[in-house]
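Some notes on the structure that comes next.
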Amino acid sequence: MTWTILELLRNNPDKLKEHVKKRLMDPSIVDKAYNVDLKWRKMLTKVNEIRHRHNIISRSIGKAKSKEERMKLVNEARNLLKELEKLETDLKRLEAERETILYSLPNIVDDDVPVGDESASLPIEAWGEPKVWSGHLNAFLDQTERYGLSMNYKVIEWKPVGHADMLENVLGLGDTIKAGEVAGSRFYYLFEDLVWLDFALLLYAIDKLTSKGYRLTIPPYMLRYKVMGRVIDIETFKDAIYKIEDEDLYLIATAEHPLAALYYNEELYDDELPLKLLGVSPCFRKEAGAGNRDLKGIFRVHQFHKVEQFIYSTPEDSKKLHYELINNAKELFQELGLPYRIVNIASGDLGACATKKYDLEVWMPAQGMFREMVSASNCTDWQAYRLNIRLIRRKGMAREYVHTLNSTAIASTRTITAILENYQEPDGTVVIPKVLRKYLEVFDKAPHEAIYPKRKKKE
RNA sequence: GCCGGGGUGCCCGAGCGGACCAAGGGGACGGGCUGGAGACCCGUUGCCCCUCUGGGGCGCGCGGGUUCGAAUCCCGCCCCCGGCGCCA
């Protein structure tokens, strides 16, 4: 038992309550968990005592000398079993109750995390030279200088076209109407240059991060219930996860899920950590909690491609590696030339798994907002406890839990929206970021320098 | 999908209804020996609970069942190997 949260629950429940309060959740869950755990431990002791008595008698039956003695002992054992039956039912019930409540406890909150609801999330740094339409200037300053972030921005007088209109009307390279008819809203058809762009973005992230030593991985795109339930919390399950009819299979919402499950019920030695993985997969999301937000375009969709960073680490290294993940993401977006700010996400908006989370938000010139492109979470031992992934120290062979961390590298459709708005020229042409060009040059039919509006095309 | 064989501790592997409650080996870890290393010797090496220099319970793919007693018998599921079929 070295799970941080269980230790805290038993030794200092008030402290754990503070963490739960920071998340704006009802702290009475801690009292419930404490009581159920205590009750379970007492019941376990009681049951074990009776099992012990039963075991002693049961073992002596094999050595009984006479038939009478044998029958007497068998009857005694039977009586104890009858007594056990009810207690074991109670114990099982308590066990299930305990598991449910322990698994519903969120991770503790890191000291650096700003406390409050999403409005308390704190932009902490910014990079790049955003194009700001004059009509958005106040909004822009409100999202940067208000937090003490200064950016060299360029005011433009023409208003860029939103990514949804760009896609569908200006470029004519997407069809969400037909997709809506045949699959539903938040689906899309993408064509030609945008498909090339999608793949080029993935290749770019794969190229960069494999060079940094991340192990390239294609994971399963579906997981069993018992595994998925351990990787994520119930809320995420309800809001994001699709199920396959008549099968015990759930579509992943990100490669994080199968990458976290890679060492399900396994042991990792401290000298083989950190393990850095790079998952490439489609992501399937219900977006059930999204309401009517971002209904147009491909910013928030049921399906997209993503390159995902994932790290298994020792507890002492996880903070450092969390910075590594967000720094990798910054590097990717700097080279893409997309201006961003980094946000330290507030306690109330963390999600149950994370102890701390950084988002990278790119400035969207048409929307006049910074929008999330990357999310980097340190889950410490929250996932590892649920997935039973142990850490073994060579020195002394002590057993603990590993820490897990995850971060987006590139999410295809979102990054495409960012390019459509940031690389847009007044005439609707979209210049292709230089860093992507080498992944497009090799294909004759791929766009090499820019994507042109449909009415400008000569062909 | 069908037929046959199989899943034992970190790994290999014995056990196939009860007799110190998984033999034996390897690896790892701790200690001894050494100037240091190797070899060698001793010990530890599944999970959980407690009144924790000790005591106890549960563990043999997962979940049920039979029995006073199951790694061992029965049922369902999962996975692996071989053969047949099907398929990109």
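Every chain is numbered from 1 and lettered A, B, ... according to where its sequence line falls, protein lines coming before strand lines. Keep in mind it's a predicted model, so treat the numbers as computed, not measured.
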Pick the [atom1] atom in [N] and in [M], then give their distance to the nearest Å.
N	M	atom1	answer
B:rG63	B:rC86	C1'	31 Å
B:rC60	B:rU72	C1'	10 Å
B:rG82	B:rC10	C1'	28 Å
B:rC12	B:rC81	P	15 Å
B:rC3	B:rG18	C1'	36 Å
B:rC21	B:rA70	C1'	13 Å
B:rC40	B:rC33	C1'	8 Å
B:rA14	B:rG7	C1'	15 Å

[X] near the nucleic acid: base, sugar-phosphate alone, or nothing, with a heavy-atom cut-off under 4.0 Å?
X	answer
A:K39	nothing
A:T45	sugar-phosphate
A:L81	sugar-phosphate

In whole angstroms, how far is the [atom2] atom of [N] from the [atom1] atom of [X]?
X	N	atom1	atom2	answer
A:L84	B:rC68	CG	P	14 Å
A:R399	B:rC10	CZ	P	7 Å
A:L91	B:rC58	CG	P	12 Å
A:Y401	B:rC48	OH	C1'	11 Å
A:Y269	B:rC10	OH	P	8 Å
A:N265	B:rC62	CG	P	10 Å
A:I50	B:rG57	CD1	P	13 Å
A:E247	B:rC77	CD	C1'	14 Å

Considering just the side-chain nitrogens and oxygens of [X], establish if one lies under 4.0 Å of OP1 or OP2 belonging to [N].
X	N	value
A:N55	B:rC21	no
A:K226	B:rC77	no
A:R224	B:rC79	yes
A:R41	B:rC50	yes

Looking only at the side chain of [X] (C-beta and beyond, no hydrogens), which of the listed nucleotides [options] gets closest?
X	options	value
A:R10	B:rC79, B:rC49, B:rG18	B:rC49
A:S58	B:rG57, B:rU67, B:rG69	B:rG69
A:H52	B:rG56, B:rC29, B:rG18	B:rG56
A:E267	B:rC68, B:rC48, B:rC10	B:rC10
A:R394	B:rC49, B:rA28, B:rU67	B:rA28
A:N48	B:rC68, B:rG57, B:rC48	B:rG57

Report task. Measure centre to centre between the rings of A:Y221 and A:F284, then say whether the value is under 6.0 Å. Result -> no
Query raised in the report: Between A:H302 and A:F187, what is the ring plane arrangement, given parallel below 30°, perpendicular above 60°, and tilted in between?
Result: tilted
Query raised in the report: With pairs taken as Watson-Crick or G-U wobble and both distances under 3.5 angstrom, which stems of at least three consecutive pairs involve RNA chain B?
Result: B:1-7 with B:78-84, B:10-12 with B:24-26, B:27-32 with B:40-45, B:46-50 with B:54-58, B:61-65 with B:73-77
Report task. For atom CD of A:E266, decide whether the heavy atoms of other residues, nucleotides or ligands shown that lie under 6.0 angstrom number more than 12. Result -> yes
Query raised in the report: Within a reach of under 6.0 Å around NZ of A:K39, are more than 12 heavy atoms found that belong to other residues, nucleotides or ligands?
Result: no
Kindly indicate whether a cation-pi arrangement holds for [X] with [Y], taking the cut-offs as under 6.0 Å to the six-membered ring centre and within 45° of the axis.
X	Y	result
A:R371	A:F299	yes
A:R10	A:Y34	no
A:R393	A:Y269	no

Report task. By nearest nucleotide on RNA chain B, pick out whichever of A:W40 and A:N75 is the more 5' one. Result -> A:W40
Query - Earlier contact from the 5' end, RNA chain B, for A:R53 and A:K42 - result: A:K42
Query - Matching residue for A:T4 among A:D381, A:N107, A:T380 - test: side chain to side chain donor-acceptor pair (under 3.5 Å) - result: A:D381
Report task. Pick out which of A:K356, A:K319, A:K22 makes a side chain to side chain donor-acceptor pair (under 3.5 Å) with A:D110. Result -> A:K319
Query raised in the report: Ignoring hydrogens and angles, are the base of B:rC21 and the side chain of A:R59 linked by a donor-acceptor pair under 3.5 Å?
Result: yes
Requested in this report: Walk me through it: do A:L273 and A:D317 pass the test side-chain contact (heavy atoms from CB on, under 4.5 Å)?
Outcome: CA-CA 9 Å; A:L273 297 175; A:D317 283 346; over 6 Å; no
